[in-house]
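Keep in mind it's a predicted model, so treat the numbers as computed, not measured. This chain uses plain numbering: 1 for the first residue, then up along the sequence.
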Amino acid sequence: MSSDFLPLETLSPIETLEIENGLSLVPRVKLNFTVHPSLPSSATKPIDEWKLKRSLIEFAKTSLSITIPADDLEIRRFKDVKKRKRDDPVAHGSLSIRDLGFLNSKKRNEEESEDLKILGKKFRDWRDTVVEKMDQMEVNLQGEKYRLSVAVPESDDFEGMKKLWEEFYAFANKGYVRGGKQEPDTIVMKGVPSRWVAEPRVSSKPSMLVTHTVFSTFGKIRNLNVTEDDDQDKDADENGGDIISGLHCKIVVQFEKHRDFYNALKVLCGRSLQKQGSRLKADYEVTWAKDGFFRNSRSQARENSRVPAAGRGQHYRNEAPRHEPHLSQFTADDTRRKRFKE
């Protein structure tokens with residue numbers, strides 16, 4: 001990590017954060033939507049995805065004064081239209097608003113610039129306004145009428161996740177106790193392109209060492225786990241394929257301090273991952289873990305240790321296996337340590 005690294009606490013929600021391995025976290029607002037029929041005839045007819053796309057792009061331009069490229073708007077139709085009931089949705093999708101520079105202060109003098117909390121509130125208020133304008137809006141596609149349900153994904157709602165973990169640890173006897181207070185310290189990321197955390201010219205599979213280097217940007221790591229994300233690839237195949245289909249990974253990282261966990265999750269929310277030299281922006285999903293992932297994995301590892309060697313799966317060496325989870329515990333003096341041993 002470079003000495004001039006910007007502290008995470010001072011990062012605004014519309015700033016890009018450069019991390020290790022040529023990766024950067026690019027801000028964006030992502031909205032998920034579901035399309036419901038407003039007319040009985042619309043319920044049993046396949047929706048015209050391209051017309052809906054054009055309609056939403058035009059609405060964003062005229063009513064929200066923002067431009068959304070067609071590539072940042074995904075629409076997927078539900079199958080079995082003839083078996084659909086009157087109120088069943090006909091399609092679902094998401095749109096990403098990436099050009100957020102207009103939310104920044106126009107002042108140049110550092111002493112007169114907007115306070116970070118003010119900018120954060122301005123960002124959230126604007127996002128809520130966009131949701132309010134789009135939620136329950138009607139779309140007319142040449143006589144066929146549809147209604148949209150729009151919401152911010154749970155993965156992008158940091159304040160919502162914070163409220164959930166505060167409620168969880170207030171009533172649950174789980175978690176790690178620090179100073180008499182139970183707080184989360186584990187982040188789960190799904191949908192990260194495996195090649196972006198792989199060792200170049202060695203393998204296309206995710207590397208524990210590279211992943212550790214990347215996530216050390218956010219603080220000191222206690223435990224790390226990297227596996228291929230089968231569910232993500234399955235979703236891509238079901239929806240027409242994807243240029244990184246079969247190359248996603250799931251990362252579970254546990255930090256030493258709750259403060260590092262807090263800052264990392266806040267920065268990861270509402271951003272896409274981008275690799276230097278690539279035009280692709282990976283819209284991963286991020287959340288916090290409450291199920292004691294690493295403790296459960298250690299229990300499973302002890303159970304597996306009782307099985308004869310010939311009956312066990314292949315151990316992790318330099319790449320993440322497809323199904324068997326492995327733990328890694330790095331220390332400041334031994335950053336190349338690959339596997340946790342008890």
Heavy-atom side-chain contact between [X] and [Y] under 4.5 Å:
{"X": "Ser149", "Y": "Arg147", "answer": "yes"}
{"X": "Leu52", "Y": "Val139", "answer": "yes"}
{"X": "Val226", "Y": "Lys250", "answer": "no"}
{"X": "Val90", "Y": "Arg77", "answer": "no"}
{"X": "Met137", "Y": "Phe59", "answer": "yes"}
{"X": "Ile75", "Y": "Lys53", "answer": "yes"}

So, using ring-ring contact (aromatic ring centres under 6.0 Å, His included) as the criterion, who are the partners of Phe261 when residues are at least two apart? Trp165, His258

At what distance, to the nearest 0.5 angstrom, does CG of Leu141 lie from CH2 of Trp50? 13.0 Å

State the CD-OG1 distance between Glu199 and Thr211, to the nearest 0.5 angstrom. 9.5 Å

Sole candidate of Asp156, Val286, Leu25 that passes side-chain contact (heavy atoms from CB on, under 4.5 Å) when paired with Cys269: Val286

Under the criterion side-chain contact (heavy atoms from CB on, under 4.5 Å), which of Val188, Val214, Ile221 is the partner of Val253? Ile221

Pair [X], [Y]: side-chain N/O donor-acceptor within cut-off below 3.5 Å:
{"X": "Ser96", "Y": "Arg28", "answer": "no"}
{"X": "Thr287", "Y": "Glu154", "answer": "no"}
{"X": "Ser24", "Y": "Glu18", "answer": "no"}

Does the pair [X]/[Y] count as a salt bridge with the N-to-O cut at 4.0 Å?
{"X": "Lys145", "Y": "Glu138", "answer": "no"}
{"X": "Arg76", "Y": "Glu74", "answer": "yes"}
{"X": "Glu144", "Y": "Lys45", "answer": "yes"}
{"X": "Asp185", "Y": "Lys257", "answer": "no"}
{"X": "Lys121", "Y": "Asp125", "answer": "yes"}

With salt bridge (Lys or Arg N to Asp or Glu O under 4.0 Å) as the rule and sequence neighbours excluded, what pairs involving residues 262-274 come up? none

Please collect all salt bridge (Lys or Arg N to Asp or Glu O under 4.0 Å) contacts where either partner lies in residues 91-104, sequence neighbours excluded, each pair once. Asp72-Arg98, Arg98-Asp283

Do side-chain atoms of [X] reach the backbone of [Y] as a donor and acceptor pair under 3.5 angstrom?
{"X": "Asp229", "Y": "Gly191", "value": "yes"}
{"X": "Asp135", "Y": "Val150", "value": "yes"}
{"X": "Tyr284", "Y": "Leu268", "value": "yes"}
{"X": "Glu15", "Y": "Ser12", "value": "yes"}
{"X": "Ser55", "Y": "Lys51", "value": "no"}
{"X": "Thr213", "Y": "Leu209", "value": "yes"}
{"X": "Ser194", "Y": "Leu247", "value": "yes"}
{"X": "Lys275", "Y": "Asn21", "value": "yes"}

When the ring centroid of Trp288 is compared with that of Phe158, is the distance short of 6.0 Å? no

Kindly indicate, with the supporting measurements, whether the criterion ring-ring contact (aromatic ring centres under 6.0 Å, His included) is fulfilled by Trp126 and Phe102. CA-CA 11 Å; Trp126 176 82; Phe102 65 91; 5.3 Å; yes

For Gln136, does the CD atom sit with more than 12 other heavy atoms under 6.0 Å from it, leaving out its own atoms? yes

Quick one, Phe78 with His92, criterion ring-ring contact (aromatic ring centres under 6.0 Å, His included). Give me CA distance, side-chain angles, the key distance, then yes/no. CA-CA 8 Å; Phe78 286 112; His92 65 108; 4.8 Å; yes

Determine, step by step, whether Leu23 and Gln276 satisfy the side chain to side chain contact (heavy atoms under 4.5 Å, CB included) criterion, reporting the C-alpha distance in whole Å, the side-chain angles of both residues, the deciding distance to 0.1 Å, and the verdict. CA-CA 6 Å; Leu23 296 173; Gln276 185 177 9; over 6 Å; no

Should Val26 and Ile68 be regarded as members of a common hydrophobic cluster, given that ILVMFWY residues are connected when their side-chain heavy atoms come within less than 4.5 Å of each other, either directly or indirectly? no

